[in-house]
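A quick write-up on the structure given underneath.
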Amino acid sequence: MILENTHILEISDTADTKDDRENLAFAAEMIRRGGTVCFPTETVYGLGANALDPAASASIFEAKGRPQDNPLIIHLDSPDKIEQYCETEGNAYLPKIRPFMPGPITAVLKKRACIPDVVTANLESVGVRIPSHPVAHAFLELCGVPVAAPSANLSGRPSPTCARHVIDDLYGKVDVILAAGESNVGLESTIVSLVTDPPTLLRPGGITYEMLCGALGEVAVSSAVLSEMKPGDTAVAPGMKYKHYAPRTPVFLVVGEDEKVLAFLKEKQAEGHCAILCFSEDVPSLGKELVADIGAKEDAALHAHRIFSALRDTDEIPELQSVYVHITEDKSGLNLAVFNRLLKASAYHILNV
Ligand code: TXA
Ligand code: MG
């Protein structure tokens, strides 16, 4: 579907000017009339439609080129509304993760019948998220309905962390793009299933595994977080089985002692046609040409913030043959989420040097 018109509406990150309020009211009306609206959140930008309207929700799949069997998560303005859409009675885990809401976490719960099958791809469960971004919050409040929203990228591409990425992928395919600043976290939300016992981490994100364990006690980690799905495996988070986050050029993750990694990367630079994503500490040795600094080695929050944008930028470089990413062995905190996205972006190509 090619829409005649995509309205790009600029909006300030605080969503508090008169223009902001007018633009948000326009976007919310578009949702209620069955249209599609891209909006900023603290994780990544989302591509939203009325989750109670099957036709509107179906148009999300069309705009993104998303496989129909990959379910959408729903977005609400308040955790108090979760029980309208999910059967939460008797779920002892939900109250324990409520302190993380609003925020970068999605809880998978048993869905109620009002959530159409097209949204959940026929699953009995639904993912629910309450974003903390002021624009997302104000927009969702005005919509007055749950908003189904995947990340606002074409299926398979890195998730969008600024309005430019959304415009590049979806201009002409959606009704409205609310264009604000950069997403703060930069990686999609942590997904935790609360319908398993113990709860299961399905996708790591801004709320870390350690934080979840602190709140929930024991937390299982889905095998899809760190290992490749084999043919025939059933995905717990269905999206895990698809090609993800990949730029056009093959990506290789490089790990090892710093000196050895640097020597390897310099060799690759000499061969040419490669781009390098590395730590700030590496830049003095590698120079700045075709080199993206993703932050100091210990600064996982900055890696999370920059990684998708850096991967996307490589698509602009002509005649590129490979992208090398210096990664750390540390899997604690936000490192786990960054590593998970890089594993998928690289199709599990790790070079141990
Ligand atoms: O931060 C985010 O979560 C962003 C922003 C826009 O909120 N959204 C997002 O949506 O990343 P999406 O569709 O790109 O990723 C959601 C993931 C998919 O991998 C999907 O398969 C999985 O959640 N998922 C959705 N519903 C599920 C369910 N009921 N059970 C297990 N996994 C589910
Ligand atoms: Mg996505």
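The model shown is predicted, which means the values in this text are computed figures rather than measured ones. Each ligand, and each atom within it, is numbered from 1 in the order the structure gives. Positions are given from 1 along the sequence.
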- Any salt bridge between D175 and R33, counting N to O under 4.0 Å? no
- Message: Side chain, backbone, both or neither: which applies to I191 and ligand 1 if a contact is any heavy-atom pair less than 4.0 Å apart?
- Response: side chain
- Mark up the atoms of ligand 1 that fall under 4.0 Å of a heavy atom belonging to G46, in ascending order. 6 (C)
- Query: If you look only at pairs with a residue in residues 35-60, which of them pass as a salt bridge (charged side-chain N to carboxylate O under 4.0 Å, His left out), with sequence neighbours excluded?
  - Reply: E42-R129
- Report, in ascending order of atom number, the atoms of ligand 1 lying under 4.0 Å from any heavy atom of V126. 29 (N)
- Task: Identify the residue among N340, V338, V44 that makes a side chain to side chain contact (heavy atoms under 4.5 Å, CB included) with L187.
- Result: V338
- Message: With heavy-atom distances below 4.0 Å as the criterion, list the atoms of ligand 1 near S151.
- Response: 8 (N), 9 (C), 10 (O), 12 (P), 14 (O)
- Numbering the atoms of ligand 1 from 1, which are under 4.0 Å from a heavy atom of H75? 5 (C), 6 (C), 7 (O)
- Query: Just distances here: any N/O of N70 and N/O of ligand 1 closer than 3.5 Å?
  - Reply: yes
- Message: Just verifying a value: how many Å separate I115 CD1 and E124 CD, rounded to the nearest 0.5 Å?
- Response: 12.5 Å
- Query: Does I73 reach ligand 1, in the sense of a heavy atom lying below 4.0 Å from it?
  - Reply: yes
- For V108, counting its heavy atoms only, list the atoms of ligand 1 lying under 4.0 Å from any of them. 29 (N), 30 (N)
- Can you find an N/O atom of R203 closer than 3.5 Å to an N/O atom of ligand 1? yes
- Message: Test your reading of the structure: does T43 have an N or O sitting under 3.5 Å from an N or O of ligand 1?
- Response: yes
- Residue pairs passing the salt bridge (charged side-chain N to carboxylate O under 4.0 Å, His left out) test with at least one member in residues 329-338, sequence neighbours excluded, are none
- Would you check, one step at a time, whether the test side chain to side chain donor-acceptor pair (under 3.5 Å) holds for T106 with S189? CA-CA 6 Å; T106 298; S189 62; 2.7 Å; yes
- Task: Answer yes when K297 and D258 have at least one side-chain N-carboxylate O distance shorter than 4.0 Å, and no when they do not.
- Result: yes
- Task: Take R157 and D315, measure what salt bridge (Lys or Arg N to Asp or Glu O under 4.0 Å) needs, and give me the verdict at the end.
- Result: CA-CA 10 Å; R157 297 204 75 205; D315 281 343; 2.6 Å; yes
- Report, in ascending order of atom number, the atoms of ligand 1 lying under 4.0 Å from any heavy atom of S189. 1 (O), 2 (C), 3 (O)
- Task: For ligand 1, note which part of R66 has a heavy atom under 4.0 Å away: side chain, backbone, both or neither.
- Result: side chain
- Query: With distance as the sole test, does T41 use its side chain to make a donor-acceptor pair with the main-chain N or O of T43 at under 3.5 Å?
  - Reply: yes
- Message: Measuring from atom 28 (C) of ligand 1, which candidate in I105, D69, L123, I74 has the nearest non-hydrogen atom?
- Response: L123
- side chain to side chain donor-acceptor pair (under 3.5 Å) between S159 and E188: does it pass, once the steps are laid out? CA-CA 8 Å; S159 295; E188 309 86 342; 2.5 Å; yes
- ligand 1 to S125 polar contact by distance, N or O atoms, under 3.5 Å: yes
- Query: What about the rings of H7 and F26, do their centers lie closer together than 6.0 Å?
  - Reply: yes
- Note on the structure: Contacts satisfying salt bridge (charged side-chain N to carboxylate O under 4.0 Å, His left out) that involve residues 86-104 (not counting sequence neighbours) are D80-R98, E87-K110
- Query: Using a cut-off of 2.8 Å, how many protein N, O or S atoms lie below it in distance from the Mg ion (ligand 2)?
  - Reply: 1
